[in-house]
Participant: 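What follows is a single structure, and I will ask about it in a moment.
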4 protein chains.
Amino acid sequence: MAPRDTFKKLEDDKQLRIMDAAIDEFADHGFKQASVNRMVQKIGIAKGSIFQYFGNKEGLFHFIFNHAVELVRHSLRQVKQETADTDFFQRIEQSLLAGIRFIEKHPRVYRIYLKMIFQEDFPLRTEFLQQVHLFSGEYLKPLVETGLARGELRPDLNVDMTVFFLDALMDRFLQAYCVSFLDAGAGLYQAPEEQIQQKVNEFIRLLRAGMGKPEGEFGQLLRE
Amino acid sequence: MAPRDTFKKLEDDKQLRIMDAAIDEFADHGFKQASVNRMVQKIGIAKGSIFQYFGNKEGLFHFIFNHAVELVRHSLRQVKQETADTDFFQRIEQSLLAGIRFIEKHPRVYRIYLKMIFQEDFPLRTEFLQQVHLFSGEYLKPLVETGLARGELRPDLNVDMTVFFLDALMDRFLQAYCVSFLDAGAGLYQAPEEQIQQKVNEFIRLLRAGMGKPEGEFGQLLRE
Amino acid sequence: MAPRDTFKKLEDDKQLRIMDAAIDEFADHGFKQASVNRMVQKIGIAKGSIFQYFGNKEGLFHFIFNHAVELVRHSLRQVKQETADTDFFQRIEQSLLAGIRFIEKHPRVYRIYLKMIFQEDFPLRTEFLQQVHLFSGEYLKPLVETGLARGELRPDLNVDMTVFFLDALMDRFLQAYCVSFLDAGAGLYQAPEEQIQQKVNEFIRLLRAGMGKPEGEFGQLLRE
Amino acid sequence: MAPRDTFKKLEDDKQLRIMDAAIDEFADHGFKQASVNRMVQKIGIAKGSIFQYFGNKEGLFHFIFNHAVELVRHSLRQVKQETADTDFFQRIEQSLLAGIRFIEKHPRVYRIYLKMIFQEDFPLRTEFLQQVHLFSGEYLKPLVETGLARGELRPDLNVDMTVFFLDALMDRFLQAYCVSFLDAGAGLYQAPEEQIQQKVNEFIRLLRAGMGKPEGEFGQLLRE
DNA sequence: GATGAATGAGTTTTCATTCAT
DNA sequence: TATGAATGAAAACTCATTCAT
């Protein structure tokens, strides 16, 4: 599960090369189809070494997985802090943008995430899905509750369902972005970078229209 | 790619048993992990026969794939016809419900679809993604254009972006449904059947709030 | 456990070559140390074939094991029948000689037997030891009981302990013979073939002296 | 073959821990299956150290082997001395009991012995069997000769064959005891401790009947 | 002298594909 | 046309041994 001391004692460069090759392999092939043979060949070390470091293939995956979770946690914590004082829709916008930046910085990690969602035979799949689920609860729910308390959201919104919708919409937005980013050249959506901000804007505008508090007393009246 | 004549000349029952076993196997294990051995054992035919009918494993997958695309096309064509006279949001609602019915009827086909999206090593992945893209163009674009022409949608909507949004939202809605449907018991979202219609309603309400034509002149005024 | 049909359908010669190589390998190296690699190389077939025939290494061993048990059973049944009319000590003598003939004919099978007794990690070891135990009960006990009933044995003998002794003595006699036979050249005991019958005679003479009914009334008196 | 000086210079405790772990491992797994990895892990020393002390796995085994032989020699010498004044059958009885005590005290050493007898790929097997053979010559032969000289044995006994018989019977007796001792619970023979002495008595009684000098002149006459 | 990371040949097992029957 | 036995490359994993520190 945790890498053996052996691995942690390696020179940093070697550690990084190993992690890099592993992330590559898992991102390209998922867990079962990933080949330790290919990894060690790419890294240029003996086959036995990987097993000395991580016990077995699953141990290696655990390590990469935990590393990825840490990356995501770090990124989310940062956004939450930095946007504490802005309004609900700005926070969502910044979260989306942070997600996009994360994918651009760690596209292979995101690919592993996507594979895990829809591939049944990952070792940590259940724990993983619970973690993802917790994200909605821990991250989005407070945002929604604060937004409601501050009067930035329509007061008739059901909290849990709103969280579900936000989770679904944001996740799918990033999926769509990621697919177009990763498949660049495959012709799908052909989303050029410059249109991203525009799409984010439109996304937020729709959210605001659907969830935001009606502006002014007329809006209020109309909805009642 | 296409099955050889030898396959088409088989008795219908045998054809169906072969397709059924193949869908099972691909849905459970993806392409590479799918085992021709297991298939022929389940079907009860000789291993060589599969290769006689389809050339190789990839040929078999092509066939199953095309069959699945046909199923989807058929389902969509039906919805489009039946809802021709209803308004935009009702058509979207009916499309969503048709999607849910499709997943419930063909869960294994949908699982193959999900696997294909995020697994790079499917043989037809590129062609597949293009097909999926075409779906947005062929299916949703006319709906949006008709909706705009009939004045059921806000006139300031950009057609292509609206199509993108609808595609993203509906697809993600079905994914969420499917995951909760397939992972029943895994604890994710735990969407009980009876809440589906409620979620669809809420989904449509949000869409209507965000995309629908503002009601009355006051709404109109407020937005300008 | 049982060999797949595939194996039984092979030409007899091939079946025999495979069994021969397997017996060789298991006799030389025991179960765990036996190498399927070496077997297939010696036989000259593809590695996969063995696994097609027997599922896995253990399956192959089961097959060889059952084959060996059958050989032993057959041999014992024959001796029992052929010596039904002779006296107790002649039956034991013939059993010993049959054992020697068996070892000379199937020395590798006997080696597998010896390995199984003292090697803990054989797959069927427990079942095997039970079988061996049954041998004492099924084969020797009736002999002893008949011997007692016919007055060929001292009437004060405890049946079970006598069976235990006979089992131990005969087994060890064959072990000693086998070791000297198999290790020919290693210098141990250096039992030349021509001395075997002499040793058997001495063995029987001792048994007779220890277990046989004292001859005449004087002997009877002396013991009382 | 002999341990390097480096080993002998270690603190006694460390030497003992190493030997203990090695005996454990060889007794449990034989030679080839024994894992140096497991040993060093249990001992808590570096893997390289074993190779520094003993050159290689075989060197380690040589050392353990010689140690075991010394243990056996010591035990036998003691019995021989202590029973110098008793009669032949009492000496045999005491030897058997000493053997049983040895197995109870060093069961792992005895297991290694048993494994070596029937496993061809032990490094020292040939030398080992010669040593065992010497045991018969060095230990039993004088006993028999003394017994004959003292008139405790039938004068018509052939010395070498009697030695062979005693060796075989006693060895097999201990094997049977050991198997029932080691396999406690496996159901073989199920010899409970309290029956051991009884079996030894019966064993000696049979020996005495077969090999002992007939009592009185009548017996003498009867046999002639 | 002690360490333990690195090595690579070895193990069993799987499976798509071929081809003689 | 249908069969299914044969193939061999590839997989994950083990472990005695070496050697730089």
Side-chain angles (χ1 to χ4, degrees), chain A residues 4-11 14 29 32-40 44-60, chain B residues 4-7 9-10 14 31-41 44-60, chain C residues 4-7 9-11 14 32-40 44-60, chain D residues 4-7 9-10 14 31-41 44-60:
Chain A
R4 308 237 167 104
D5 285 351
T6 318
F7 178 73
K8 291 183 178 164
K9 284 176 190 159
L10 295 178
E11 352 164 10
K14 200 171 186 178
H29 302 282
K32 264 209 172 171
Q33 280 299 315
S35 159
V36 176
N37 273 12
R38 274 194 298 257
M39 288 187 214
V40 297
I45 60 173
K47 204 188 304 191
S49 296
I50 286 289
F51 293 91
Q52 196 139 48
Y53 302 151
F54 302 100
N56 54 25
K57 190 173 151 184
E58 193 166 326
L60 170 58
Chain B
R4 307 232 171 108
D5 282 350
T6 42
F7 177 73
K9 283 176 187 160
L10 296 176
K14 200 171 185 180
F31 177 72
K32 267 213 171 171
Q33 283 290 321
S35 158
V36 177
N37 270 12
R38 275 192 297 258
M39 289 188 214
V40 296
Q41 200 171 12
I45 60 171
K47 206 193 303 194
S49 297
I50 289 289
F51 292 87
Q52 197 121 49
Y53 302 151
F54 303 100
N56 54 21
K57 194 168 142 183
E58 191 167 326
L60 169 58
Chain C
R4 307 235 169 108
D5 285 350
T6 318
F7 178 73
K9 285 178 190 157
L10 295 179
E11 353 165 9
K14 199 172 188 179
K32 263 208 173 171
Q33 280 298 315
S35 159
V36 177
N37 272 11
R38 274 193 298 258
M39 288 187 213
V40 296
I45 60 173
K47 207 186 302 194
S49 296
I50 287 289
F51 293 90
Q52 197 139 46
Y53 302 151
F54 302 101
N56 56 22
K57 189 173 151 183
E58 193 166 324
L60 170 57
Chain D
R4 307 232 170 107
D5 284 350
T6 42
F7 177 72
K9 284 178 187 160
L10 295 177
K14 200 172 186 179
F31 176 73
K32 267 213 170 169
Q33 282 291 319
S35 159
V36 177
N37 270 11
R38 276 192 297 257
M39 288 187 212
V40 297
Q41 199 171 11
I45 61 171
K47 206 191 308 192
S49 297
I50 289 289
F51 290 88
Q52 198 119 49
Y53 302 151
F54 303 100
N56 54 21
K57 193 169 141 184
E58 191 168 325
L60 170 58

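Letters go in sequence order (proteins before strands), and every chain restarts at 1. The basis for the numbers below is simple: all heavy atoms, side chains too, and nothing from hydrogens, waters or symmetry mates. Quantities reported herein were computed from a predicted structural model and do not represent experimental measurements.
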Participant: Donor-acceptor pair, distance only, cut-off 3.5 Å: does the side chain of C:Lys47 make one with the backbone of C:Val36?
Facilitator: no
Participant: Which atom names give the shortest non-hydrogen contact between D:Ile45 and D:Ser49, and what distance separates them?
Facilitator: CD1-CB, 4.1 Å
Participant: Nearest 0.5 Å, what's the CD-NE2 distance between B:Gln33 and A:His29?
Facilitator: 12.0 Å
Participant: So which atom in D:Leu60 and which in D:Met39 form the shortest heavy-atom distance, rounded to 0.1 Å?
Facilitator: CD2-SD, 3.6 Å
Participant: Just by protein heavy atoms under 4.0 Å, how would nucleotides 8-16 of chain F read 5' to 3' in B, S and -?
Facilitator: B-BSSBB-B
Participant: Locate the shortest heavy-atom distance separating B:Asn37 from B:Val40; write the atom from each residue and the value.
Facilitator: O-CG2, 3.1 Å
Participant: Hey, does the side chain of D:Lys32 reach the backbone of C:Lys32 with a donor-acceptor pair shorter than 3.5 angstrom?
Facilitator: no
Participant: Answer yes or no: is there a donor N or O on one side and an acceptor on the other, between the side chain of D:Lys57 and the main chain of D:Ile50, under 3.5 Å?
Facilitator: no
Participant: Please state how far atom CG in C:Asp5 lies from atom C1' in F:dG4, giving the value in whole angstrom units.
Facilitator: 12 Å
Participant: Looking at every heavy atom in both C:Lys14 and C:Tyr53, which two are closest together, and how far apart are they?
Facilitator: NZ-OH, 4.0 Å
Participant: Reckon D:Leu10 touches a base, only the sugar-phosphate, or nothing at all at heavy-atom distances under 4.0 Å?
Facilitator: sugar-phosphate
Participant: For DNA chain E, just give me the dot-bracket, please: Watson-Crick or G-U, both distances below 3.5 Å, ( ) intra-strand, [ ] crossing earlier pairs, | paired with another strand, . unpaired.
Facilitator: .||||||||||||||||||||
Participant: Between which nucleotides of DNA chain E, read 5' to 3', does contact with chain B run, using atoms under 4.0 Å from its heavy atoms?
Facilitator: E:dA16 to E:dT18
